[in-house]
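Comments concern the structure below.
The figures that follow rest on heavy atoms only: side chains count, while hydrogens, waters and symmetry mates do not. Bear in mind the structure is a predicted one, so any value in this text is a computation, not a measurement. Note on naming: letters A, B, ... go to the chains in the order of the sequence lines (proteins, then strands), and numbering restarts at 1 for each one.
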Protein chains: 2
Amino acid sequence: MAVGHFPFPKMPAVGGVRLAAACAGIKSTDRNDLVLLELAEGSSVAGVFTRNAYCAAPVVIAKEHLRSTFASGSKHYWLINAGNANACTGERGMDDARSTCAEVARLAGVSPTQVLPFSTGVIGESLPVDKMLAVLPQAFGDLADGSWEAAARAIMTTDTRPKAATVQFEHEGVTVTVNGMAKGSGMIKPDMATMLAYVMTDAKVAQPLLDKLLRSAVERSFNRITVDGDTSTNDACMLAATGRAPLPEIIEPSGVLYAKLYNAVVAVHIQLAQAVITDGEGATKFVTVAVEGGANRRECLAVAYTVAESPLVKTALFASDPNWGRTVMAIGRAGIEELDVNRVKVYLGDVLIVERGGRADSYTEEQGQQVMARDAITIRIDLGRGSSAERVWTTDLSHDYVTINAEYRT
Amino acid sequence: MAVGHFPFPKMPAVGGVRLAAACAGIKSTDRNDLVLLELAEGSSVAGVFTRNAYCAAPVVIAKEHLRSTFASGSKHYWLINAGNANACTGERGMDDARSTCAEVARLAGVSPTQVLPFSTGVIGESLPVDKMLAVLPQAFGDLADGSWEAAARAIMTTDTRPKAATVQFEHEGVTVTVNGMAKGSGMIKPDMATMLAYVMTDAKVAQPLLDKLLRSAVERSFNRITVDGDTSTNDACMLAATGRAPLPEIIEPSGVLYAKLYNAVVAVHIQLAQAVITDGEGATKFVTVAVEGGANRRECLAVAYTVAESPLVKTALFASDPNWGRTVMAIGRAGIEELDVNRVKVYLGDVLIVERGGRADSYTEEQGQQVMARDAITIRIDLGRGSSAERVWTTDLSHDYVTINAEYRT
């Protein structure tokens, strides 16, 4: 199940980026499950990773390599596999992740620290390293600048469709491209990053600034989505800048070029984050929970996430039932100190449904049902106690969610 | 759906307590939906209530009356209705709750503050006061000391079975009885109290001590359960002591009699709390999440609730799938500072499944499946960083949960 129909976008090449998808047969032999991505010499790279205490071996190794990676100006590689998360696999998992990096490095003639590993799939099973190594030569041979859809498909797990986004802008006669792809459908409540997302541009950006740009973009996109409140062990979001567009290097977060790039990078991140939600496990609705009038952003987020993750709100959304009592129940249990419910207003779309502690006089059930019948629904909550605002995106809770997750390993 | 088969217990009378169930036709006319409960002169009463900011009108009134109720030594009444929560109903809701109390008081010849109202059911609809008042004379006429099952049935909403528990003990040749009944199935994560629970004893207990006793019992029972993490607007848990057993009044929390009473009251609370879980919406499993080895109880509870409320853990439980990767994912996202996953051990029943950051060497999938096939499952987590322990009880997340909550209002 997924919300809406989104054809895969036409992805332009990004100078300095080549990709290949291959079938290593990790979980089955009838689909690609491995992606090799190459970034040209001189690229800068930034990454954010899960804060789950059980972070997976590839996350540990990717963070380790990322710290030491940019001493050299050599090519840089990302190796991504689906079907096995290499999480909770102990020392063996670390060795396995290192082995795959070492083989990519050997074939490419670079240092192993120039290779970052990423895995997604079942937790707790050992990575089938031999299968992955066996297809690496073929992947190197297939590297090309147009394999975006094949790559986006190869990293899917319970995703029902590949996810990618692209934005281009002009600066002083030069076209700059920002491409991104992501995977993710369940175990989605990113905390510093999402399941797996990769964004690349041909702009040239100094590494410390690229790092800031990525954190800001993630804070406005992947860190504002939740399917089930469950944070993955393997979350990673990467941003690379190859510098192949003939423009000056951006070093400071100021100026017109940086502003344009910032907007493009954030737009790609938001499109990818929303694509994860519209393809959330069992999703039949794309839901925006927008909270305004808060004393601070922290309390806005607390209310937004409590509503977005309430099983009772989510099942009412699945039923297209404007059961606003469950929304106010969730607001009321969000732990906001001294919340005056008489000042709180709740809107479904543009329809005022709750004010002064109860149903709005103007509200009719028919108005609510009209909004709930849509694919995309906004629940807007005005806390009436300040000027802060936040919003998160989420899905409903459907039978398909239960089916998908009850049958995932069988 | 519900876990196991629990026949309604044989409930002895409690001296000083009479009950009646009646059909007010609040949601339908083919079942009882109103309970009148009478406590004899001289009873002491304690209550704990929801901390949801949107607490319902009857909760507000019950707290108000409870403060002023024991000046007089007159009889005392609880009026409970199902089918309508009288929550988020504004000033009208407050007036409605007061009206029902006033009419009970008029018929009984007591002050309105001697009457506490309780409601459960749909949020946001006005209480059908006239229907309730119409059946009150009949309810007064039916008051009897043996109507426990009829009363426990009348307060049900999505519950599939009535819930009651009884414990008796002897002290100096006198039999003391503790009876309790409760309702609750969904919107269950009590915070100071549960959906609705009523416990009565014929011991004589000073009000301040009764209050302490109730809070302690609730902390060990209703405040340790979760079905869906959603805290109701109407939670209330009441404890009454009629003093009809010929024993001295208990004033201090010490001595043999208090110890016996404490154990009996806690046992009844725990039985009722577990009855709510085994009848949790869509429940097919009764799950204990026991966390030990914590630095403090707060972090033990954080881990226990994160595991107990993880949709991915709950769907795996529904599927009887020993998918321990989801359990460690949930432990890892519980926000415990500097958790060393290499020291954490996870057991399924008595089977060690996770240690040193990954699957235990001794663990086999067959062992896990044997435990998961049971109705009652314990997930035991040793954090390996201290001596604190906590445990919560919960259910799985099944198709029936979605069906029940998608169809509740239709």
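Most heavy-atom pairs under 4.5 Å with chain B, from the set A:L339, A:V328, A:L317: that is A:V328. When each of B:D230, B:V313, B:D228 is scored by its heavy-atom pairs under 4.5 Å with chain A, the top score falls to B:D230. The residue among B:G124, B:P311, B:G357 with the most heavy atom pairs within less than 4.5 Å of chain A is B:P311. Between chain A and the residues B:G229, B:S232, B:A316, B:G335, the most heavy-atom pairs under 4.5 angstrom are made by B:G229.
Under the rule for a salt bridge (Lys or Arg N to Asp or Glu O under 4.0 Å), B:R298 has no partner lying at least two apart in sequence or in another chain. Checked against salt bridge (Lys or Arg N to Asp or Glu O under 4.0 Å), B:R356 has the following partners two or more places apart in sequence or in another chain: B:D361.
Between the side chains of A:K285 and A:T395, no donor-acceptor pair is found at a separation under 3.5 Å.
Proximity to chain B is absent for every atom of A:V227, based on heavy atoms less than 4.5 angstrom apart.
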Indicate every side-chain donor-acceptor pair of residues 82-89 of chain B with a distance under 3.5 Å to a residue at least two apart or in another chain.
{"from": "B:N84", "atom 1": "OD1", "to": "B:N86", "atom 2": "N", "distance (Å)": "2.7"}
{"from": "B:N84", "atom 1": "ND2", "to": "B:E125", "atom 2": "O", "distance (Å)": "3.2"}
{"from": "B:N84", "atom 1": "ND2", "to": "B:S126", "atom 2": "O", "distance (Å)": "2.9"}
{"from": "B:N86", "atom 1": "OD1", "to": "B:T89", "atom 2": "OG1", "distance (Å)": "2.7"}
{"from": "B:N86", "atom 1": "ND2", "to": "B:G93", "atom 2": "O", "distance (Å)": "3.1"}
{"from": "B:T89", "atom 1": "OG1", "to": "B:N86", "atom 2": "O", "distance (Å)": "3.4"}

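Heavy atoms only, all atoms of each residue included: A:G368 and A:L348 are closest at O-CD2, 4.0 Å. Nearest approach of A:Y401 to A:E281, heavy atoms of both residues: CD1-O, 3.4 Å.
Between A:L352 and A:K345 the shortest side-chain heavy-atom distance falls below 4.5 Å.
Here the side chain of B:D396 pairs no donor or acceptor atom with the backbone of B:T315 at under 3.5 angstrom.
The stretch residues 301-310 of chain B places B:S310 near chain A, each with some heavy atom under 4.5 Å from a heavy atom of that chain.
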